[in-house]
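Contents: one structure, followed by commentary.
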Amino acid sequence: MEDKLKAHIETTYNIKVNNISKLDEGVFKFERENDKTWVVRIFPEGRDIEHVKGDAEVLSFLNKQGFPAETLVHENIETLDGRGILVSEFIEGSPPDQNEQNLYKLGKMVGLLSSLPVADSLAQRLSGSLHHYALNGGEIKDELSIALNWMNEVESKIPVHRRAQFETLRDKLMKADGLSDLPKGLIHPDPVLKNVICTPNNDLVLIDWANAVGIWTPYFTPRNFVVCRITRKRRFFN
C-alpha cells in the first residue's frame, strides 16, 4: 500500500517523495524533495468519501479562523481504490508533557473551539463520534449502538460468573441517553494530549480531526471510558 500511495501522491501533485514513514494506522509522513513535509491520511474502505470531504471542510474552516490545527494542502479530496485521502502539512514538534500548563492550554483550545461560529453545512453533519468506531460519523447514540453490537458478539463467550456484570452493563447501555437534544457545535471528538503536538515555539496544535462536528458537551471522558472498557473486554473474549 505504501508504494502505491507514494506513486499516487507523486503523480497527483507532481512532486518527488524521498521517504515515507508510518505515523499511525493509515497515516504516513511524506518527506518531499526540497520542500515541506506532508502528512497523508488514507481512510478505511468503509468510510464514505462525502464524510472525508466533510473532514476537509472542517480543517479548511479552522485554518481560515486561525485555530491551531493541521493545515490542508488542498481542499479537494483524492481517492485511491475507493478510499479517501486527506493531505496536510507536517507539524514539527513533539508530544507535550502532561503537566498543568499544557492541560490548561488544551482546555482553553477546546473552549475556544466550541465558541467559533459554525457554518450551516457543518452544523448539519452528524458527527462527534470517534472515527475508529463509527466510520461514517454519528452521535453518542450511534457509539452506544456500536458498543451494544460488540457485547452481543461476545455474549456466548461470557463465563457464568461474569454473566451478571455483563447483563448490568448491557442494560445500562440500552437505557443510556444519547444526548441528541443538546446544542450542537464544533468539537474535537478526542481532545486529549495524544492528539496534540507541541511545536518548537511551545505552542500546542490539535490534530486528528476526523468526525469533528457534533454534540457540544463535555462528555468525552465518560464516553471514552465506557467504549475503551468494552473494547478491551471484546478483545479478551475473542
Side-chain angles (χ1 to χ4, degrees), residues 2 5-6 9 13 15 17-44 47 51-52 54-75 77-78 84-116 122 127-133 185-214 216 218 220-221 223-224 227-228:
E2 290 185 25
L5 184 59
K6 175 178 179 288
I9 293 297
Y13 293 97
I15 63 171
V17 177
N18 289 336
N19 186 56
I20 298 178
S21 54
K22 185 176 180 179
L23 300 175
D24 200 350
E25 190 63 37
V27 185
F28 302 91
K29 177 181 178 181
F30 275 49
E31 297 178 42
R32 301 162 62 205
E33 188 174 77
N34 302 320
D35 214 328
K36 290 182 178 180
T37 299
W38 286 354
V39 172
V40 177
R41 176 192 293 273
I42 181 165
F43 289 89
R47 185 161 173 78
H51 287 87
V52 179
D55 295 335
E57 188 177 355
V58 169
L59 281 179
S60 177
F61 171 80
L62 293 172
N63 295 161
K64 292 173 183 176
Q65 293 288 327
F67 189 89
E70 302 160 66
T71 300
L72 274 181
V73 168
H74 202 289
E75 293 187 17
I77 295 300
E78 297 295 329
I85 298 173
L86 201 62
V87 183
S88 60
E89 294 181 4
F90 179 76
I91 302 168
E92 295 289 348
S94 59
D97 295 329
Q98 188 168 333
N99 54 41
E100 184 177 346
Q101 181 182 22
N102 284 334
L103 290 172
Y104 173 80
K105 287 182 178 179
L106 177 58
K108 190 174 181 179
M109 290 166 65
V110 173
L112 172 62
L113 182 62
S114 65
S115 69
L116 294 177
L122 293 180
S127 297
S129 57
L130 286 175
H131 62 87
H132 302 290
Y133 308 127
L186 194 62
I187 65 168
H188 189 288
D190 195 15
V192 293
L193 287 178
K194 73 178 181 66
N195 286 326
V196 173
I197 294 175
C198 184
T199 70
N201 294 328
N202 207 33
D203 296 322
L204 299 188
V205 180
L206 203 49
I207 62 172
D208 197 6
W209 286 88
N211 284 7
V213 177
W216 177 76
F220 309 104
T221 300
R223 185 278 302 274
N224 287 352
V227 172
C228 288

Item to check | Considering all heavy atoms, the nearest Glu75-Ser60 contact | outcome: OE2-OG, 2.8 Å
Checklist entry - Can Met109 and Phe67 be said to form a side chain to side chain contact (heavy atoms under 4.5 Å, CB included), step by step? => result CA-CA 8 Å; Met109 290 166 65; Phe67 189 89; 4.2 Å; yes
Item to check | Residue pair Leu204 / Pro96, side-chain heavy-atom distance below 4.5 Å | outcome: yes
Checklist entry - Nearest heavy-atom pair of Glu70 and Asn63: which atoms, and what distance? => result O-ND2, 2.9 Å
Checklist entry - To the nearest 0.5 Å, how far apart are CG in Leu103 and CG in Asp97? => result 10.5 Å
Checklist entry - Should Val40 and Ile9 count as side-chain neighbours, where that means a heavy-atom distance under 4.5 Å? => result yes
Checklist entry - Rounded to the nearest 0.5 Å, how far does CZ of Arg41 lie from CG of Asp55? => result 8.0 Å
Next on the checklist: Would you say that Val58 contacts Leu62 through its side chain, given a criterion of any heavy-atom pair below 4.5 Å between the two side chains?
Outcome noted: yes
Next on the checklist: For Leu106 versus Pro191, what's the shortest heavy-atom pair and its separation?
Outcome noted: CD2-O, 3.6 Å
Checklist outcome for this item: Across all chains, not counting sequence neighbours, the salt bridge (charged side-chain N to carboxylate O under 4.0 Å, His left out) partners of Asp35 are Arg32
Next on the checklist: The criterion is salt bridge (charged side-chain N to carboxylate O under 4.0 Å, His left out); which residues satisfy it with Glu31, sequence neighbours excluded?
Outcome noted: none
Checklist entry - Heavy atoms, side chains only, cut-off 4.5 Å: are Phe28 and Leu5 in contact? => result yes
Next on the checklist: When you compare the side chain of Leu86 with that of Ile77, does any pair of heavy atoms fall below 4.5 Å?
Outcome noted: yes
Checklist entry - Could you give the distance from SG (Cys198) to CD1 (Ile91), rounded to the nearest 0.5 Å? => result 11.5 Å
Checklist entry - Is there side-chain contact between Ser88 and Thr71, with at least one heavy-atom pair below 4.5 Å? => result no
Checklist entry - Rounded to the nearest 0.5 Å, how far does CD of Gln101 lie from NZ of Lys105? => result 4.5 Å
Next on the checklist: Whether Lys29 and Asp24 form a salt bridge (side-chain N of Lys/Arg under 4.0 Å from carboxylate O of Asp/Glu) is what I want to check.
Outcome noted: no
Item to check | Glu89 (side chain) donor-acceptor with Lys36 (main chain) under 3.5 angstrom | outcome: no
Next on the checklist: Applying side chain to side chain contact (heavy atoms under 4.5 Å, CB included) to Phe30 and Asn19, what does each step give before you reach the verdict?
Outcome noted: CA-CA 6 Å; Phe30 275 49; Asn19 186 56; over 6 Å; no
Checklist entry - Under 6.0 Å between ring centres, would you say that holds for Tyr13 and Trp38? => result yes
Next on the checklist: Working to the nearest 0.5 angstrom, can you tell me the gap between Glu2 CD and Lys22 NZ?
Outcome noted: 7.5 Å
Next on the checklist: If I compare all heavy atoms of Ala69 with all of Leu59, which pair ends up nearest, and what's the gap?
Outcome noted: CB-CD2, 4.4 Å
Checklist entry - Are Val196 and Val205 side-chain neighbours, meaning at least one heavy-atom pair lies under 4.5 Å? => result no
Next on the checklist: If I take atom CG from residue Leu206 and atom NE2 from residue His188, how far apart are they, to the nearest 0.5 angstrom?
Outcome noted: 4.0 Å
